[in-house]
Engineer: 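A single structure is presented below for examination.
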Amino acid sequence: MGSNTNTGDFLVLEIIVMIKQVPDSQEVVIDPVTFTLNRGAARNVINPADENAIEAALRIKDKTNAHVTVITMGPPFAESALIDCMSRGVDDAVLVTDRAFAGADTYPTGLTLASTIKKLGKYDIIFAGEESTDSSTGHVGPGVAEFLGTDQASYTSESWYEDGFVYAKRELEDGTEVVKMKPPTLITVLTNANDPRRATLRKKIDAMKKGIKTMTLADLGMPPEWVGLRGSPTVVKSMRTIDEKKREGKKFKIEEIPKLVDELIEKKIISI
Amino acid sequence: MVGIINAVPPENLDEYKNVFVFIELRNGQLSRPGLEMIGAGMNIARKANEKLIGVMIGDDISKLAEEAGAYGCDIVLGAEGKELKEFKTMPYSYIIGEFIQEFKPNILLIPATRNGRDLASRVAVRSKAGVTADCTELDIDMNGRILLAKRPTYGESTLAEILCKKHRPQMATARPGIFKIPDREEGRKFQKDIRKMKVPAEMMGKEIIEFIPKKSLDLTAAKIVVSGGLGLSKPQGFQILDELANQLGGVVGASRPTVDLGWIERDHQVGQTGQSVRPDLYIAAGISGKIQHIMGMKLSKNVISINTDPNAEINQYSDYIINDDLYKAIPALTEEIKKRKEAKKAD
Ligand SMILES: Cc1cc2nc3c(=O)[nH]c(=O)nc-3n(C[C@H](O)[C@H](O)[C@H](O)COP(=O)(O)OP(=O)(O)OC[C@H]3O[C@@H](n4cnc5c(N)ncnc54)[C@H](O)[C@@H]3O)c2cc1C
Ligand SMILES: Nc1ncnc2c1ncn2[C@@H]1O[C@H](COP(=O)(O)O)[C@@H](O)[C@H]1O
């Protein structure tokens with residue numbers, strides 16, 4: 001970033017966005033026999049909440065002199081998601097990819113991402129999605145914050161940068177909490193927090209020209225047993241289909257609503 | 001700060017004993033999800049013949065500790081201080097980290113509320129432990145005292161059982177509204193250990209500059225959810241759902257597009273990107289039943305769908321189907337319930 005001539009010695013805010021490529025849930029179908037998700041045919045997309053995280057980062061960049069880098073730990077084909085991010089206005093993209101990363105639970109995922117962020121140098125704000133649609137833990141963001149020792153604000157609907165501080169609105173079960181933090185800090189963004197901007201063709205062409213950076217385990221300088229499946233404290237012991245309740249689908253006409261209410265009361269589904 | 005380091009398992013697993021539960025406070029009270037953790041932890045502690053240790057952080061918590069004791073904690077371990085009044089990740093995870101080092105619990109359960117999830121992942125990294133998110137079933141295998149943590153995944157279609165054999169504590173967050181709050185027993189004997197903790201300045205973290213409370217809407221704990229979709233065709237449609245929900249003692253849910261259109265607030269949204277509910281009765285009015293919505297309600301014990309389209313997908317997930325205009329069906333249901341109530345009163 002050498003282009004901020006008219007801002008004097010104003011520092012460039014370094015923003016990192018962590019994104020994950022996931023199977024498109026719109027294309028994921030429930031197998032009518034096993035009732036499990038058939039994700040085989042699904043297209044890969046940016047995890048929905050991560051699109052909101054990118055938008056949150058770009059909104060800060062719209063107002064402040066900022067440089068946004070998007071990172072993902074994933075297979076080589078995750079490159080397409082990164083190019084998509086750059087086509088929306090993200091400056092740089094890093095793909096952290098290595099066979100050794102496969103099978104990682106949230107601990108080594110956070111470890112790998114935190115280590116990547118450290119390697120990249122300065123960071124002021126790190127954005128993540130509230131959770132991913134395929135593992136839906138919401139743990140990776142806060143985990144990265146703990147590895148880096150930064151503060152965090154999770155489940156945010158809005159965030160902004162002002163006079164050297166980062167502000168965020170956290171949406172909790174019983175209200176909205178507005179917080180003020182010193183950078184560096186990590187923010188996780190709610191799905192639907194904002195309306196993510198679309199990619200533009202021009203930016204896409206630029207992105208393809210610029211390309212992405214790739215890093216491997218060797219670049220991070222960590223032993224292979226720290227990452228991936230081997231570095232994961234948790235193991236999946238078993239998976240079983242949740243027994244679908246057989247649904248009768250009994251039909252009732254409007255005139256039969258008293259009969260329906262009788263049945264609901266009788267079966268103690270409702271009480272009067 | 002732990003630094004960037006791998007999850008090293010402890011050498012002596014037998015040193016780790018007892019069950020920690022984090023009792024989340026809300027508005028200076030024990031929260032429902034917090035009490036549910038006592039219930040979830042109690043089953044495990046009793047089975048393992050170990051102590052149930054309630055962990056509580058806040059300001060002036062002595063009375064609350066008494067409550068936690070009455071609900072079944074064998075020990076209430078607390079940290080109190082003015083600066084700990086509100087939940088903040090940095091000092092809270094620091095304190096729990098210190099408690100873990102001192103007490104070496106075998107298991108730590110935290111409610112899977114927003115603040116609970118915010119906290120759990122940091123505590124896990126801090127303790128070099130594994131954590132299973134959003135569990136709906138928790139048990140212990142006495143052979144090795146392994147926590148059996150089960151959580152729905154892939155849009156609630158699959159139940160995964162996740163173990164953490166080598167790392168301690170074995171952590172899980174547990175979904176609110178699932179675990180039973182134990183009976184309260186006045187004057188129950190328990191031990192209270194409340195400390196004034198010194199949190200290092202650099203661990204105090206963010207400043208909370210404002211809290212804007214809203215009427216707490218806990219869809220996940222509701223016994224009855226009356227949800228509306230685009231079939232309402234206008235925002236005012238939610239009023240008739242409100243009336244029915246009021247009559248039934250339930251809450252109002254919504255499909256995502258109605259929320260996106262601003263017809264109703266986001267915290268009413270049911271589905272993949274909203275909340276997962278499992279009430280005794282789910283009423284879906286004018287909802288087509290797209291997979292992302294189904295994911296959030298398919299564990300409902302009973303489902304009524306009201307839809308003008310006889311082939312709406314929601315019908316496959318319904319026990320009762322009213323194939324008609326919701327503007328006729330909903331008021332008719334409300335009226336019928338009212339009538340029954342009045343009849344009962346007259347008795
Ligand atoms: C990443 C992603 C995440 C998503 N997450 C969610 C989520 O969390 N929750 C969610 O709900 N959706 C979610 N969606 C959207 C989801 O795919 C569907 O678009 C949405 O659920 C449809 O909402 P609906 O059923 O209200 O509307 P529609 O699909 O338009 O259905 C309206 C229904 O109303 C019926 N109807 C019309 N008039 C009447 C009448 N007078 N009386 C009775 N019935 C009538 C129609 O027959 C129709 O079945 C998500 C989508 C994506 C891509
Ligand atoms: N492999 C990954 N690469 C980059 N970011 C990730 C990865 N996995 C998770 N994240 C980030 O962490 C958030 C929460 O994911 P999860 O903990 O899996 O629910 C996501 O929304 C992403 O922002």
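All values reported here derive from a predicted model rather than from experimental measurement. Sequence lines set the chain letters: A, B, ... in the order given, protein chains first and strands last, and positions in each chain run from 1.
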Engineer: Answer with side chain, backbone, both or neither: which region of B:Ile306 has an atom nearer than 4.5 Å to a non-hydrogen atom of chain A?
Structural biologist: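 For B:Ile306, there is no contact with chain A at all, as no heavy atom is under 4.5 Å.
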
Engineer: Testing the basics here: between B:Asn307 and B:Asn323, what is the closest heavy-atom pair and its distance to 0.1 Å?
Structural biologist: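 It is O-ND2, 2.9 Å.
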
Engineer: Counting heavy-atom pairs closer than 4.5 Å to chain B, which one of A:Asp195, A:Thr191, A:Val140, A:Leu172 comes out on top?
Structural biologist: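 Going by pairs under 4.5 Å, I would pick A:Leu172.
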
Engineer: What option among B:Glu86, B:Arg151, B:Lys166, B:Lys290 has the most heavy-atom pairs under 4.5 Å with chain A?
Structural biologist: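 Most heavy-atom pairs within the cutoff with chain A belong to B:Arg151.
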
Engineer: With A:Lys20 as reference, evaluate A:Asp50, A:Asn47, A:Asp134 under the side chain to side chain donor-acceptor pair (under 3.5 Å) test and give the passing residue.
Structural biologist: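 Among the candidates, only A:Asp134 passes.
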
Engineer: So which of A:Thr137, A:Ile257, A:Thr185 has the biggest tally of heavy-atom pairs under 4.5 Å with chain B?
Structural biologist: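 If we count pairs closer than 4.5 Å to chain B, A:Ile257 comes out on top.
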
Engineer: Do B:Lys88 and A:Asp151 sit within salt-bridge range, that is, some charged N less than 4.0 Å from a carboxylate O?
Structural biologist: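 No, this pair does not count.
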
Engineer: Between B:Ser93, B:Ser121, B:Gly130, which has the largest tally of heavy atom pairs under 4.5 Å with chain A?
Structural biologist: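 It is B:Ser121.
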
Engineer: Sort B:Val259 into side chain, backbone, both or neither according to what part of it lies under 4.5 angstrom from a heavy atom of chain A.
Structural biologist: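 Neither the backbone nor the side chain of B:Val259 comes within 4.5 Å of chain A.
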
Engineer: Is B:Glu24 paired with B:Arg26 through a side-chain N to carboxylate O contact shorter than 4.0 Å?
Structural biologist: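 Salt bridge present between B:Arg26 and B:Glu24.
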
Engineer: At a heavy-atom separation under 4.5 Å, does B:Leu248 approach chain A through its side chain, its backbone, both, or neither?
Structural biologist: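 The side chain, not the backbone.
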
Engineer: Count the heavy atoms belonging to other residues, nucleotides or ligands that lie under 6.0 Å from CD of A:Glu266, then report whether that count exceeds 12.
Structural biologist: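 Not more than 12 within 6.0 Å, no.
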
Engineer: If you measure only the distance, is there a donor-acceptor pair under 3.5 Å linking the side chains of A:Thr106 and A:Thr109?
Structural biologist: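 A:Thr109 and A:Thr106 do not have a side-chain donor-acceptor pair below 3.5 Å.
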
Engineer: Once you round to the nearest 0.5 Å, how far does CG of A:Asp219 lie from OG1 of A:Thr116?
Structural biologist: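 Separation between the atoms: 9.0 Å.
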
Engineer: Between B:Lys150 and B:Asp134, does any side-chain N to carboxylate O distance fall below 4.0 Å?
Structural biologist: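 Salt bridge: no.
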
Engineer: Does atom CG of A:Asp163 have more than 12 heavy-atom neighbours, drawn from other residues, nucleotides or ligands, at distances under 6.0 Å?
Structural biologist: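 Counting neighbours around CG of A:Asp163, 12 or fewer heavy atoms of other residues, nucleotides or ligands fall under 6.0 Å, so no.
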
Engineer: In terms of heavy-atom proximity below 4.5 Å to chain B, should A:Ile269 be classed as side chain, backbone, both, or neither?
Structural biologist: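 Answer is both: backbone and side chain atoms of A:Ile269 are under 4.5 Å from chain B.
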
Engineer: Answer yes or no: is there an ion pair linking A:Lys259 with A:Glu263, defined by an N-O contact shorter than 4.0 Å?
Structural biologist: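 Answer for the salt bridge query: no.
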
Engineer: Taking every non-hydrogen pair under 4.5 Å, which of B:Arg340, B:Lys341, B:Arg256 racks up the most with chain A?
Structural biologist: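 Of the candidates given, the most pairs with chain A belong to B:Arg340.
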
Engineer: Report the C-alpha separation of A:Arg170 and B:Asp118 in whole Å, then their side-chain angles, then the decisive distance to 0.1 Å, and conclude whether the salt bridge (charged side-chain N to carboxylate O under 4.0 Å, His left out) test is met.
Structural biologist: CA-CA 11 Å; A:Arg170 300 185 63 219; B:Asp118 183 273; 3.6 Å; yes

Engineer: Considering only heavy atoms, which portion of B:Gln272 lies under 4.5 Å from any heavy atom of chain A: side chain, backbone, both, or neither?
Structural biologist: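 Answer is side chain: those atoms of B:Gln272 sit under 4.5 Å from chain A.
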
Engineer: So A:Ile187 and A:Val166, side chain to side chain contact (heavy atoms under 4.5 Å, CB included) or not? Walk me through it.
Structural biologist: CA-CA 10 Å; A:Ile187 292 176; A:Val166 179; 3.6 Å; yes

Engineer: Using non-hydrogen atoms and a 4.5 Å limit, figure out which bit of B:Ala329 sits close to chain A: side chain, backbone, both or neither.
Structural biologist: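 Contact with chain A involves both backbone and side-chain atoms of B:Ala329.
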
Engineer: Given a strict heavy-atom distance threshold of 4.5 Å, which part of A:Asn192 is in contact with chain B: side chain, backbone, both, or neither?
Structural biologist: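 It is both, since atoms from each part get that close.
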
Engineer: Check whether B:Val131 gets within reach of chain A through its side chain, its backbone, both or neither, counting any heavy atom under 4.5 Å.
Structural biologist: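 Both the backbone and the side chain of B:Val131 come within 4.5 Å of chain A.
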
Engineer: Given a strict heavy-atom distance threshold of 4.5 Å, which part of A:Lys267 is in contact with chain B: side chain, backbone, both, or neither?
Structural biologist: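 Interface part for A:Lys267: side chain.
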
Engineer: So which part of B:Glu336 gets closer than 4.5 Å to some heavy atom of chain A, the side chain, the backbone, both or neither?
Structural biologist: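 Interface part for B:Glu336: side chain.
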
Engineer: Side chain from CB out, backbone as N, CA, C, O: work out which of these in B:Ala112 comes under 4.5 Å of a heavy atom of chain A, or both, or neither.
Structural biologist: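 For B:Ala112, there is no contact with chain A at all, as no heavy atom is under 4.5 Å.
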
Engineer: Check the pair B:Asp260, B:Arg266 against salt bridge (charged side-chain N to carboxylate O under 4.0 Å, His left out), reporting the backbone distance first and the verdict last.
Structural biologist: CA-CA 8 Å; B:Asp260 288 344; B:Arg266 171 99 28 228; 3.3 Å; yes

Engineer: Considering only heavy atoms and a distance below 4.5 Å, find which of A:Leu260, A:Ile265, A:Val227, A:Asp105 pairs most often with chain B.
Structural biologist: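 Going by pairs under 4.5 Å, I would pick A:Leu260.
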
Engineer: Top residue by heavy-atom pair count (under 4.5 Å) with chain B, among A:Ser271, A:Gly141, A:Ala153, A:Ser238?
Structural biologist: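 Of the candidates given, the most pairs with chain B belong to A:Ser238.
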
Engineer: Heavy-atom pairs under 4.5 Å with chain A - which of B:Thr273, B:Asn27, B:Thr173, B:Asn302 has more of them than the others?
Structural biologist: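 Of B:Thr273, B:Asn27, B:Thr173, B:Asn302, B:Asn302 has the most heavy-atom pairs under 4.5 Å with chain A.
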
Engineer: Relative to chain B, which segment of A:Phe165 carries a heavy atom at a distance below 4.5 Å: side chain, backbone, both, or neither?
Structural biologist: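 Answer is neither: A:Phe165 stays 4.5 Å or more from chain B.
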
Engineer: With a 4.0 Å cut-off on N to O distance, would you call A:Glu173 and B:Arg114 a salt bridge?
Structural biologist: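 A salt bridge is absent here (no side-chain N lies under 4.0 Å from a carboxylate O).
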
Engineer: Considering only NZ, NE, NH1 and NH2 on the basic side and carboxylate oxygens on the acidic side, decide whether B:Glu342 and B:Lys338 come within less than 4.0 Å.
Structural biologist: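 No, B:Glu342 and B:Lys338 are not salt-bridged.
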
Engineer: Quick check on the interface: out of B:Leu148, B:Asn115, B:Leu163, who has the most heavy-atom pairs with chain A under 4.5 Å?
Structural biologist: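 Looking at each option in turn, the highest pair count goes to B:Leu163.
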
Engineer: Given heavy-atom pairs under 4.5 angstrom as the criterion, report whether the side chain, backbone, both or neither of A:Glu171 touches chain B.
Structural biologist: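 Both parts, heavy atoms under 4.5 Å.
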
Engineer: Between A:Lys182, A:Lys237, A:Glu131, which has the largest tally of heavy atom pairs under 4.5 Å with chain B?
Structural biologist: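 Of the candidates given, the most pairs with chain B belong to A:Lys237.
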
Engineer: Indicate yes or no: does A:Asp124 engage A:Lys122 in a salt bridge with an N to O separation below 4.0 Å.
Structural biologist: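 Looking at A:Lys122 together with A:Asp124, the answer is yes, because their closest N to O distance falls below 4.0 Å.
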
Engineer: With a sphere of 6.0 Å drawn around NZ of A:Lys250, does it hold more than 12 non-hydrogen atoms of other residues, nucleotides or ligands?
Structural biologist: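 Count over threshold, so yes.
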
Engineer: Report the option among A:Met239, A:Gln152, A:Lys251 that has the most heavy-atom pairs separated by less than 4.5 Å from atoms of chain B.
Structural biologist: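 If we count pairs closer than 4.5 Å to chain B, A:Gln152 comes out on top.
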
Engineer: By a 4.5 Å heavy-atom criterion (distance strictly below it), what part of B:Thr113 contacts chain A: side chain, backbone, both, or neither?
Structural biologist: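 Interface part for B:Thr113: both.
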
Engineer: Is B:Lys301 in contact with chain A via its backbone, its side chain, both, or neither, using a 4.5 Å heavy-atom distance?
Structural biologist: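 Interface part for B:Lys301: backbone (N, CA, C, O).
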
Engineer: Is B:Ile322 close to chain A through its backbone or its side chain, or both, or neither, when contacts mean heavy atoms under 4.5 Å?
Structural biologist: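 Both parts, backbone and side chain.
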
Engineer: Could you look at A:Pro108 and say if it's the side chain, the backbone, both or neither that has a heavy atom under 4.5 Å from chain B?
Structural biologist: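 Neither part, no heavy atoms under 4.5 Å.
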
Engineer: Let me know if B:Gln316 has heavy atoms under 4.5 Å from chain A in its side chain, its backbone, both or neither.
Structural biologist: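 For B:Gln316, the contact with chain A is made by the backbone alone.
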
Engineer: Taking B:Leu159, B:Asp280, B:Asp324 one by one, which has the highest count of heavy-atom pairs under 4.5 Å against chain A?
Structural biologist: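 Maximum pair count with chain A is reached by B:Leu159.
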
